[in-house]
Novice: 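Before I ask anything, here is the structure I am working with.
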There are 2 protein chains.
Amino acid sequence: MKYSKKDRQKLLLETLDKNPFVTDENLASTFHVSVQTIRLDRMELSIPELRERIKSVAAHNFGEDVKSLPIDEVIGEIIDIDLDKQAISILDITHDHVFARNGIARGHHLFAQANSLAVAVINDDLALTRKSNLTFVKPVKVGDRVIAKAVVTSSDVEKNSTLIEVTSKVENETVFVGQFSMYRVTMS
Amino acid sequence: MKYSKKDRQKLLLETLDKNPFVTDENLASTFHVSVQTIRLDRMELSIPELRERIKSVAAHNFGEDVKSLPIDEVIGEIIDIDLDKQAISILDITHDHVFARNGIARGHHLFAQANSLAVAVINDDLALTRKSNLTFVKPVKVGDRVIAKAVVTSSDVEKNSTLIEVTSKVENETVFVGQFSMYRVTMS
DNA sequence: ACCATTTTAGCACTTGGTACTAATATCAGT
DNA sequence: ACTGATATTAGTACCAAGTGCTAAAATGGT
């Protein structure tokens with residue numbers, strides 16, 4: 001059962017969208033036409049050849065800027081800090097921070113901002129996160145400016161332990177809350 | 001200035017790791033050897049040809065079973081996944097992941113690996129982290145290979161809620177544990 | 001039946017290789 | 001300096017999956 005040219009080309013597009021790894025020969029046999037016809041179809045639809053299709057899939061995966069977390073010591077920009085008391089940082093959410101699918105910021109960026117702020121507020125040589133308790137109150141989107149405020153709630157010098165509460169807001173609405181139990185040591 | 005065979009092969013590996021889209025001809029000219037030498041090197045190192053390299057990059061991006069999260073958005077490499085049941089990923093800790101000061105991995109990378117694995121394991125269109133509870137059991141250092149295992153512990157379809165426990169280990173020693181309460185929705 | 005569109009065929013040429021053979025270069029040890 | 005071993009280069013035939021081109025054949029609509 002042969003399709004009309006139009007139908008075939010439509011199906012061709014769908015097929016290649018689902019699976020770009022198909023040769024012309026392959027397509028020809030599935031559509032019961034000659035390889036040349038497939039080539040003409042690709043011309044008309046300006047679909048590149050197999051190798052180029054694969055390359056572009058690969059390049060998309062590869063070439064896109066690495067979305068790993070930045071190397072800088074603090075995620076977000078610290079705009080106010082009072083060591084061992086409180087600190088505030090700002091993080092502007094860009095498309096790099098969100099799921100492509102729905103534009104919602106990925107949790108680890110909010111965590112990273114909060115956690116690195118918690119580390120920064122501690123006035124010691126070594127500060128490590130021991131435990132934490134997070135609540136993602138409301139989804140954060142592209143363009144949002146997240147303002148995180150870290151407050152030191154208690155400090156037990158004996159146990160080298162400090163509790164910090166970080167609250168992140170967008171336009172004065174709380175989007176994230178985290179309690180961090182930090183381990184701290186002064187080296188000297 | 002020519003390199004010794006050993007050095008060249010080492011560099012070759014690094015080069016192709018950074019950029020797999022390079023032809024033998026290209027490599028030959030950058031290393032100032034003949035194309036045949038490059039081919040021999042690839043043989044010895046069992047590096048596949050350009051097209052295969054590209055294909056594998058593309059296939060990784062495409063064919064995989066990750067639904068909620070495009071593969072390139074997962075922090076760490078997923079090596080096993082059984083949707084709605086469990087998943088495993090590997091993250092090699094490099095100097096990019098640690099505090100320059102002490103070589104200890106920054107918490108948000110462990111969180112990112114665990115959290116994105118939790119998102120990936122969910123067989124739905126949308127998966128967001130609602131709450132989480134983290135314990136950083138033991139410091140992780142440069143060179144460590146962190147193996148995170150996410151296990152779905154419960155699922156409440158009414159509440160669109162799923163609980164996931166992620167345990168991360170280095171050489172079979174637990175370094176991190178996280179409980180994630182995820183919000184999930186199927187769109188259709 | 002006629003013309004346009006569509007489809008098929010065939011050939012030369014291209015990339016980026018594999019597989020294989022054979023000739024040189026280079027170095028190490030005696 | 002000579003001998004082997006190792007490393008490098010050269011060259012050939014071949015392959016996959018194409019492009020580009022020309023030309024013939026089939027099909028459809030009126």
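First the proteins, then the strands, lettered A, B, ... as listed; each starts at 1.
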Novice: Roughly how many Å is it from NZ in B/Lys6 to P in D/dA7, rounded to a whole number?
Specialist: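 So the NZ-P distance, B/Lys6 to D/dA7, works out to 11 Å.
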Novice: Quick check for you: among D/dA7, D/dT9, C/dT7, whose closest atom lies nearest to any side-chain atom of B/Thr37?
Specialist: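 Closest nucleotide among those given: D/dT9.
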Novice: Whole-Å distance between C/dT5 P and A/Glu44 CD?
Specialist: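 Value for this atom pair: 12 Å.
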Novice: When rounded to the nearest 0.5 angstrom, what distance separates CG in B/Leu27 from CG in B/Leu11?
Specialist: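 Answer rounded to 0.5 Å: 11.0 Å.
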Novice: Just the rounded figure in Å: distance from P of C/dT6 to CG of A/Asp7.
Specialist: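 Distance, rounded to whole Å: 13 Å.
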Novice: Using whole Å, report how far CD1 of A/Ile54 lies from P of D/dA16.
Specialist: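 Checked: the CD1 to P distance equals 15 Å.
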Novice: For A/Ile38 and C/dA9, what is the distance between atoms CD1 and P respectively, to the nearest whole Å?
Specialist: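 In whole Å, C/dA9 P lies 13 Å from A/Ile38 CD1.
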Novice: Mind checking side-chain hydrogen bond (donor to acceptor under 3.5 Å, both in side chains) for A/Asp84 and listing every partner two or more places apart, or none if nothing turns up?
Specialist: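 Per chain and number, A/Asp84 pairs via side-chain hydrogen bond (donor to acceptor under 3.5 Å, both in side chains) with A/Arg184.
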Novice: Given atom OH of B/Tyr3 and atom P of D/dA7, what is their separation to the nearest angstrom?
Specialist: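 Result: 19 Å.
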Novice: What is the distance, to the nearest angstrom, from the NZ atom on B/Lys5 to the P atom on D/dT9?
Specialist: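 Distance, rounded to whole Å: 12 Å.
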Novice: For nucleotides 17-30 of chain D, just jot down a letter per nucleotide in 5' to 3' order: B, S or -, based on protein non-hydrogen atoms under 4.0 Å.
Specialist: BBB-----------
Novice: Does atom CD of B/Glu171 have more than 12 heavy-atom neighbours from other groups under 6.0 Å away?
Specialist: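 For B/Glu171, atom CD is not crowded (no more than 12 foreign heavy atoms under 6.0 Å).
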Novice: The criterion is ring pair (Phe, Tyr, Trp, His ring centres under 6.0 Å); which residues satisfy it with B/Phe180, sequence neighbours excluded?
Specialist: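 Partners of B/Phe180 under the ring pair (Phe, Tyr, Trp, His ring centres under 6.0 Å) test: B/Phe111.
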Novice: With heavy atoms under 4.0 Å as the rule, sort B/Val35 into base, sugar-phosphate or nothing.
Specialist: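 Result for B/Val35 = nothing.
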Novice: Any carboxylate oxygen within less than 4.0 angstrom of a Lys/Arg side-chain nitrogen, looking at A/Lys5 and A/Glu44?
Specialist: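 Result for this pair is yes, salt bridge flagged.
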Novice: To the nearest Å, give me how far apart NZ (A/Lys55) and C1' (C/dG17) are.
Specialist: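 Rounded to whole Å, this separation is 13 Å.
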Novice: Determine whether A/Arg145 and A/Ile90 satisfy the following criterion, side-chain contact (heavy atoms from CB on, under 4.5 Å), listing intermediate values before the conclusion.
Specialist: CA-CA 7 Å; A/Arg145 165 162 292 189; A/Ile90 287 182; 3.8 Å; yes
